[in-house]
Visitor: 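The structure under discussion is supplied below as C-alpha cells; questions concerning it will follow.
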Amino acid sequence: MVIDVIRNKRGLSRALLCLFLIMLLAVALPGRGQCAEISAISTEEITTPAEDTTPTEQKTLPDGTAGSVIMDAAALFFMSGILIYTALYRKRGRLDDKLFFGMVLTNMALAASDATAYLLEGRAFTEAGKMIVACNVVFYAAFEIFPYLFLLFLDFRVRKEPEHVRKSSVLYCIPALVIVVLLLLNLRTGWLYSVSKNNIYHTGPYNDVVFLPVAVYSVLILAKLYRIDRRLTLLGIILILARVGFGFWFRSISSTAMTYTLFLVATHIVVMNRTIKEEVL
Amino acid sequence: MSILGEAVVSCYADAVAFLVAMLLLLLSEPVRGRESDSLRIFFLLDLLVAIESVVCFVTNAMYMHPAPWCHTVAVVGRTVWESIVLWLNALWLLYVYLKLYGSEKRNLSAFLLTVSPIVILQAALIVNLFTGFAFTYSAENRFRPTPYIFVIYLIEFLYFSFSALIVRRFDQKAGKIRFLSVTPMIVSVFGFSAVQFFLPYHIGVIGFAIGITLLYFSMMGEIHYVDAESGLYNKGYLAYLFDLAIAGKNDARSALIIEADGNISACCGILRDVLHRNGDVIRTEDRRFLMFSGTDSRSTMQYYSSLVEESVEKFVAEHPDEKAAIVVRCRMRAPGEDAFTFLRTVTDEKDSGDEMRGIVSMMTELDRLDKELKLASDIQTNMLPMVFPPFPERTEFDLYAATAPAKEVGGDFYDFFLVDQDYLALVIADVSGKGIPAALFMMVSKTLIKNQMMSGQDPASAIEWVNRQLCERNSSMMFVTVWLALIEISTGKCLVCNAGHENPVIRRDGGDFEVLKYKHGMFIGVKSEAKYSNREVELHPGDCVFVYTDGVPEAVNAENKMFGEKRLAETLNQDPAAAPDELIRRVREAVDSYAGSTQQLDDITMLCLRYVGSGEKE
C-alpha cells in the first residue's frame, strides 16, 4: 500500500497533508512540554537518579517536541517534493537513481520515527515505551544508513561502475553495521539510550558512539566530493557546519532529518545542474 | 508551552528557511543566464524568502525582551514580515501566470491587476504602525492580532488559491508534461502558514522555502526535459528513453518520424495539441521530431498521422499568409527487435532532407505564382468588354456576354465592336492550355483579330491572316478556336467563319433554339497555309445567336458525364424569347446545377446576340 501511495502523486500529497495535520494535533495535545510537569510530580515514584534529574532540566529547557516535530514535518514535505520531481529518474532505474531513492526513503523513515518518538514521549499508555524504543532503533539505523548510501552514491558518480560500487559497499557498510549491532544490543544494555517507565527518553553513557561512523562517513564523503568538484567540498563543509551550528544553538530541537534533507536537496540540484550542462546543452 | 520555546521554534524555522534560500541562490548558477520574466520573478521570490527569514528571525528573537527598542523592532519587523508575505503571494501569482500564459500583450495588465490590491494592503500595514488596528505587540513583545489582520490573510489566501487554480488548469491542459505539478508546493506553503492559527509558532516562512525549492525542482525538470520553444520533450528526454531501454523498461512499439517546415512554431503547436497527449513527442532537431508510442497498431499510428495532416491543412486554410508543412512517416517495431535497437534505428534514420525542405519552398513559389495568376486574370478580364449594354444608342440588337474562369487564368475570350456604323463584329475564342502562356496568346489573338476586322476584312480573310501571323513564331504550338461573325446591322445579313470552334445555337423566326452544324475550318495557330471560308447567315428581327466555348457543353458532373449541346439547347428553349442576359444567366445556372460540387477544369464563356433589326427593342 505504501508503494502504491508513493507511486500515486495525488495519494502521496494527500497522505502527507493528513500526516501533517495529525502531527499538528499531536503537538497541540499535552505532550513533552506538559509532561515535564507531570514528570516532576511523579518523581517520587522514579528510582533511578537519571530520571530524577531529567524533569527538573525539562522545566528550564525550551520545548523541543514541537520544534522537532515541525522540522521533521518540513523534512517530510521536502522529501515528498523530491519524490515527485525525481519520479522520471526513478523509473530509469540506474544505480545512482536507486541509491538516491534509497536515501529519500531512509530520510523519510528517519523523520517519521523521530517525530513519532517525540510525540510519544511522556504519553501514558501501555505500549508507548516499546514504540519509542522501536522508533529510536529506526531513527539511529537511518541515521547511519543515510551517510552510507550517500557515500555509495558519490562513489558511483565518480567511477560510474556499478561493480566497483557493489564491491566497495561491503567495506563501507562496516561502521553502519557496527552501530546496528550495538542498537540490537542496546535493547538489553541501554548503552546508547534508554526509555524510563514513564516513557521518557534518556541518552545512555555511550550515546556519542553513534556519531563516530557518521564522522567517518562525513570525511569519506568530503574526500569524494573533492574528487568530483572542489566547490562541492565547500558546500559539504557548509552543510555539515550548519548541522553543527543548529545542534549547538537549538540544542533541544532535532536537526538530523532537516540536515539530511538539505543534503538531498543540494545533491538533486547539483546532479541536475551537471545533467543540464553535460547532456542537454 | 513557554514563550521562549515558541521563539526558539520560530527562529529555528527561520534559520532553516534562510539556509534553503541561500542554498538555492548558490546552486542556481546554470539557470541564471537564461533571461525570462518568470526566471527573474523566481530569483526575486528566492531573495524575498531569504530577507523574510532574516526579518522573521529578528522579530521572533524579540520575544520576552522588555526594552522599548525591542518592542519597536518587533512591531516594525512584523510589518516588514507581513509586507513581504503579501508581495510573495503577488509575485507567486504573477510568476505562475507569466510562466504559463505570459505574452507581451498580457504582461502589463497581469502585473497591474496583481499588484494593485497588494499596494492597498501595503498602505494598510503602514497605517497599522501608527494605529495598531490590525495587530499590536504586548509588553512582552508577544504578537496580538485583531480581526482585521484576518482580512489581509484572507486576501493572501485568495491570491494563493488563484495561483493554485491557474496551475491546476494548466496541468490538465498540458496533459503529459506535469513538471509544474504544484500540489506539494500548495500544501507546504498553505500548511506551514496555517500553523500560526493553531499553535503559537510562526513558521510560514519555511513553507515558502519548501515551495520555492519545489518550484526550482520543477524548473530544473523543465530545463532538462522540455524544449523551451515548443513545449515538447527535448534531446535529454530521448537520452532518458535510451536509458529506459537499456534498463529493459521501455515499451515503445511504434514510432512516428516527423519532419516539419515553414512556420515551425505553428508546426510545434500542432504536434503538441494533436500528438503529445498520445505519446512522447521529442524534438530531436530544429525541424525533426520523433514520437514513440506503446501501441503496436499501425492503423492507430496512421490515424495520428492523419490527424496531423488535417491540422496542417486547417492551419493553412485559416492562415493563408503562413506556410506550414509536416511530413509523417510511421515505423513499427519488428517482432523480436529489442527496444534499444528500435530506438536507435528510428533515431538514426536519415531524414528526407532536401525533399522536405523543397515542399515549403515549392509552396512559397506556388503562392507567388498564384498571386501573379490572379493579377494576370484581373488584367485579362479587364481586356474584355464588360459594360452592358455596350452600345446603348443602338436599338437594332441586344447583346450580352459573360465569362467565368474555371480556376486560374484561362484562354477564353469574347469581343464585339462596331467596324463602322452598319457592321458589328462578334468574336468568341478559346486558346488551348491554361495559365500565363494561354493568356498571352489570347491577348495577341484578340488584338490581331480586331485589327484585321477594323481594316475592313471579311471574317475568313481576317482569320487566315491572323493564322499566318500566329504560326510564324508559335514554338509552343498553341492554337485558338475562333468563331467570328460580321453582321450587317441594317439587313441582318452576316458572314460567319468558324475556325474549329463550338457550333453556335440559333433561334429563328420565333421558334426554338437549334444547334447549327456546318463544316468548320481548322483552328488557328498551327498550320499557316490553312484556308477558311465564310458562311452566310441571314438574321431576321427576333432571331437570336448564342455562342459559347467548350466549357459549357463539356462541363462534367460527379459521374463524369458532360453537359452537352442537347442539354444546352433545352435550357435555352425553356424561355427562348428571353433577353440575352437572362439566357446566359439560365445557362450558367443550369451548368452549375448539373456540375454540382465537381470542380470544372475549363472556363465558361458565352455570348448572346438578339437581332432586333430596325424595330424597337422589346
Side-chain angles (χ1 to χ4, degrees), chain A residues 9-10 12-14 16-17 20-21 24-25 27-28 33-34 61-68 70-71 73-74 77-78 80-86 88-89 91-94 235 238-239 242 245-246 249-250 252-253 255 258 261-262 265-266 268-270 272-277 279-281, chain B residues 1-2 4-13 15-16 19-20 22-24 26-31 178-179 181 183-188 191-192 194-195 198-201 203 206-207 209-211 213-214 216-218 220-221 223-225 234-237 239-240 243-244 246-249:
Chain A
K9 290 176 191 176
R10 288 185 181 181
L12 180 64
S13 305
R14 283 172 196 163
L16 284 169
L17 181 61
F20 184 66
L21 292 174
L24 279 181
L25 281 173
V27 172
Q34 288 83 348
L61 281 174
D63 186 10
T65 303
S68 301
I70 286 168
M71 282 307 118
F77 265 106
F78 263 122
S80 73
I82 291 177
L83 270 184
I84 287 169
Y85 291 109
T86 55
L88 281 172
Y89 306 94
K91 193 179 167 194
R92 185 169 60 181
R94 245 167 36 188
L235 183 68
I238 290 171
L239 286 174
F246 277 123
W249 282 303
F250 303 97
S252 61
I253 300 173
S255 307
M258 184 48 76
T261 299
L262 294 182
V265 168
H268 180 63
I269 293 175
V270 168
M272 289 291 281
N273 281 352
R274 285 180 169 267
T275 322
I276 288 168
K277 274 184 178 172
E279 292 174 14
V280 178
L281 298 181
Chain B
M1 295 180 198
S2 67
L4 191 59
E6 292 168 31
V8 167
V9 172
S10 303
C11 286
Y12 184 93
V16 170
L19 194 64
V20 171
M22 286 295 107
L23 200 65
L24 285 179
L26 200 71
L27 294 173
S28 57
E29 178 261 330
V31 295
R178 293 178 66 93
F179 292 114
S181 176
T183 315
M185 296 181 213
I186 294 166
V187 172
S188 69
F192 283 92
V195 165
F198 307 103
L199 297 169
Y201 306 117
I203 55 168
I206 204 168
I210 296 173
T213 308
L214 301 184
Y216 189 70
F217 286 171
S218 77
M220 297 285 274
I223 291 168
H224 190 195
Y225 280 143
N234 61 15
K235 274 185 182 174
Y237 193 77
Y240 168 71
D243 283 341
L244 284 187
I246 292 166
K249 292 177 182 172

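Protein chains get the first letters and strands the later ones, always in sequence-line order, with residue 1 at the start of each.
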Visitor: Search all heavy atoms of B/Leu19 against all heavy atoms of A/Ala242 and return the closest pair with its distance.
Guide: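 Heavy atoms of B/Leu19 and A/Ala242 come nearest at CD2-CB, 3.8 Å.
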Visitor: For B/Ile246 and A/Arg94, what are the C-alpha separation, side-chain angles and deciding distance, and is it a side-chain contact (heavy atoms from CB on, under 4.5 Å)?
Guide: CA-CA 10 Å; B/Ile246 292 166; A/Arg94 245 167 36 188; over 6 Å; no
Visitor: My understanding is that only residues two or more places apart in sequence, or in another chain, count here; which of them pass side chain to side chain contact (heavy atoms under 4.5 Å, CB included) with A/Ile269?
Guide: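 Testing A/Ile269 for side chain to side chain contact (heavy atoms under 4.5 Å, CB included), a comparison that skips the adjacent residues, returns A/Val265, A/Asn273, B/Leu24, B/Leu27, B/Tyr216, B/Phe217, B/Met220.
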Visitor: Would A/Leu235 and B/Leu23 satisfy side-chain contact (heavy atoms from CB on, under 4.5 Å), going step by step from the backbone distance to the final call?
Guide: CA-CA 9 Å; A/Leu235 183 68; B/Leu23 200 65; 3.7 Å; yes
Visitor: Do you know which two heavy atoms are closest between B/Tyr201 and A/Ala66, and how far apart they sit?
Guide: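 Heavy-atom minimum between the residues: OH-CB, 2.9 Å.
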Visitor: As a quick check of understanding, evaluate side-chain contact (heavy atoms from CB on, under 4.5 Å) for A/Phe77 and B/Ile206, giving each step before the final call.
Guide: CA-CA 11 Å; A/Phe77 265 106; B/Ile206 204 168; over 6 Å; no
Visitor: If every non-hydrogen atom of B/Tyr12 is compared with every non-hydrogen atom of A/Ser255, which pair is closest and at what distance?
Guide: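 Heavy atoms of B/Tyr12 and A/Ser255 come nearest at OH-OG, 2.7 Å.
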